[in-house]
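Have a look at the structure below, then the notes.
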Amino acid sequence: SKLGLLTLAPLSYWSKTYTSEAGPINWTAAASDCMAHCARQGVFNPLRIRGRGAWHEGGRPVVHVGDAVVVDGERRSIGSPEPGGYIYPAAVPMQIDYSGPLESGESVRLSQICDRLHWERPMQGRLLAGWLAVAPICGALSWRPHIWLTGAAGTGKSWVMDNIMRPLLGRIGLFVQSDTTEAGIRQALGYDARPVLFDEAEGESERAQARMQNVLAL
């Protein structure tokens with residue numbers, strides 16, 4: 001339709017390209033050309049779509065931040081597909097600062113902070129630190145690790161979430177609460193590759209346990 005074509009390009013483009021001296025814009029010819037272009041592109045594969053997050057493409061790291069794609073440290077505008085054939089659609093900017101990565105001496109403090117918590121086994125602090133390090137780039141990993149922070153009421157699970165995990169993951173993390181369903185998480189993620197943090201995930205009733213099983217399956 002006319003309005004559909006106007007979502008692809010402004011009126012000035014159609015007026016310049018599909019107007020003859022004798023009459024108004026030939027919307028039928030414009031639509032026909034669009035369909036012909038689509039046919040030449042071939043069958044659309046939704047698996048080529050990649051949302052916000054870190055990815056691997058052709059051996060290179062690619063970070064989709066919503067309003068741009070960062071390839072090998074170079075910021076590129078959203079638009080044409082990358083050489084690997086993937087499509088990075090525009091989305092709400094995540095405002096991630098990737099310009100100043102931590103040095104080894106600074107990043108080791110994360111492990112030290114996690115080790116200071118009261119764990120059942122000493123190695124569990126190191127596992128938390130490891131998960132926090134790889135969670136922001138989960139889409140670039142061949143296998144995405146999961147962790148489950150357990151403990152009795154009042155042992156500090158929410159404190160760890162609010163004071164360590166949330167600040168470190170920042171805007172790239174998706175934070176949900178106890179009543180969130182599998183369908184809600186799926187809809188919120190869309191095509192994004194983001195770490196999901198689930199607070200108060202206890203399943204005290206049979207219904208809550210079934211909901212958590214669906215979340216775990218996702």
Side-chain angles (χ1 to χ4, degrees), residues 50-56 61-66 70 91-92 94-98 100-218:
R50 285 181 165 180
R52 297 170 298 177
W55 306 91
H56 256 299
V62 178
V63 183
H64 183 0
V65 295
V70 183
V92 177
M94 301 189 75
Q95 299 177 348
I96 300 173
D97 182 9
Y98 48 86
L102 292 178
E103 300 292 340
S104 299
E106 296 173 310
S107 58
V108 73
R109 295 176 60 193
L110 169 60
S111 181
Q112 295 171 346
I113 290 172
C114 292
D115 284 343
R116 293 185 66 182
L117 302 173
H118 295 285
W119 299 103
E120 184 176 346
R121 298 180 179 87
M123 67 172 292
Q124 291 171 337
R126 190 64 54 88
L127 294 176
L128 173 61
W131 186 88
L132 288 169
V134 300
I137 58 169
C138 59
L141 304 177
S142 58
W143 185 82
R144 305 183 189 186
H146 298 64
I147 60 172
W148 194 305
L149 194 62
T150 63
T155 54
K157 299 187 297 295
S158 295
W159 187 94
V160 174
M161 179 86 74
D162 294 337
N163 293 277
I164 297 179
M165 303 178 79
R166 280 177 177 266
L168 283 169
L169 294 182
R171 298 178 183 273
I172 200 170
L174 177 61
F175 306 98
V176 298
Q177 294 296 322
S178 58
D179 57 348
T180 306
T181 64
E182 173 266 347
I185 297 176
R186 185 187 300 273
Q187 183 177 9
L189 283 176
Y191 291 102
D192 291 347
R194 303 169 59 190
V196 180
L197 270 72
F198 209 114
D199 196 13
E200 302 293 343
E202 294 86 353
E204 298 180 354
S205 65
E206 184 175 338
R207 185 173 182 179
Q209 292 173 6
R211 176 173 47 79
M212 283 307 304
Q213 287 298 321
N214 290 333
V215 170
L216 292 175
L218 171 67

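Just so it is clear, the values below take in all heavy atoms, side chains as well, and ignore hydrogens, waters and symmetry mates.
At distances below 3.5 Å, not a single donor-acceptor pair connects side-chain atoms of Arg50 with backbone N or O atoms of Ala193. In this structure, the side chain of His64 does not engage the main chain of Val62 through any donor-acceptor pair within 3.5 Å. A donor-acceptor pair is defined here as one N or O able to donate and one able to accept, closer than 3.5 Å; such a pair exists between the side chain of Arg194 and the backbone of Ile172. Side-chain atoms of Lys157 come within 3.5 Å of backbone N or O of Gly151 as a donor-acceptor pair. Between the side chain of Trp55 and the main chain of Gly51, a donor-acceptor pair closer than 3.5 Å is present.
Here CD of Glu182 is found 11.0 Å from CG of Leu216. Values are rounded to the nearest 0.5 Å. To the nearest 0.5 angstrom, Arg211 atom CZ is 7.5 Å from Ser205 atom OG. Rounded to the nearest 0.5 Å, atoms CH2 (Trp131) and CG (Leu168) are 10.5 Å apart. Taking CD of Gln187 as the start and OG1 of Thr180 as the end, the distance is 12.0 Å to the nearest 0.5 Å. Going from atom CH2 of Trp119 over to atom OG1 of Thr155 covers 9.5 Å, rounded to the nearest 0.5 Å.
Using a 4.5 Å cut-off on side-chain heavy atoms (C-beta onward), Leu117 and Gln124 make no contact. The closest side-chain heavy-atom distance from Val160 to Leu128 is below 4.5 Å. Contact of the Asp115 side chain with the Pro122 side chain is not registered, since no non-hydrogen atoms from C-beta on lie closer than 4.5 Å. Two residues are said to be in side-chain contact when any heavy atoms from C-beta on lie closer than 4.5 Å; Phe175 and Met165 fail this criterion.
Partners of Ser111 under the side chain to side chain donor-acceptor pair (under 3.5 Å) rule, at least two apart in sequence or in another chain, are Arg126.
Other residues, nucleotides and ligands place no more than 12 heavy atoms under 6.0 Å from the CZ atom of Arg109.
Contact detail for Arg186 and Leu218: the closest heavy-atom pair is NH2-CD1, 3.5 Å. Residue Gln177 comes nearest to Phe198 through the heavy atom pair O-CE2, 3.1 Å, listed as atom of the first residue, atom of the second, then distance. Among all heavy-atom pairs drawn from Gly125 and Cys114, the shortest one is O-CB, 3.3 Å. Contact record, Ser104 with Ser107: O-OG, 3.2 Å, taken as the closest heavy-atom pair.
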Discussion item. Test side chain to side chain contact (heavy atoms under 4.5 Å, CB included) on Ile164 and Leu132; report intermediate values, then the result.
Written reply: CA-CA 9 Å; Ile164 297 179; Leu132 288 169; 3.9 Å; yes
Practice prompt. Kindly determine whether Asn214 and Thr181 satisfy side chain to side chain contact (heavy atoms under 4.5 Å, CB included), including the steps that lead there.
Written response: CA-CA 8 Å; Asn214 290 333; Thr181 64; over 6 Å; no
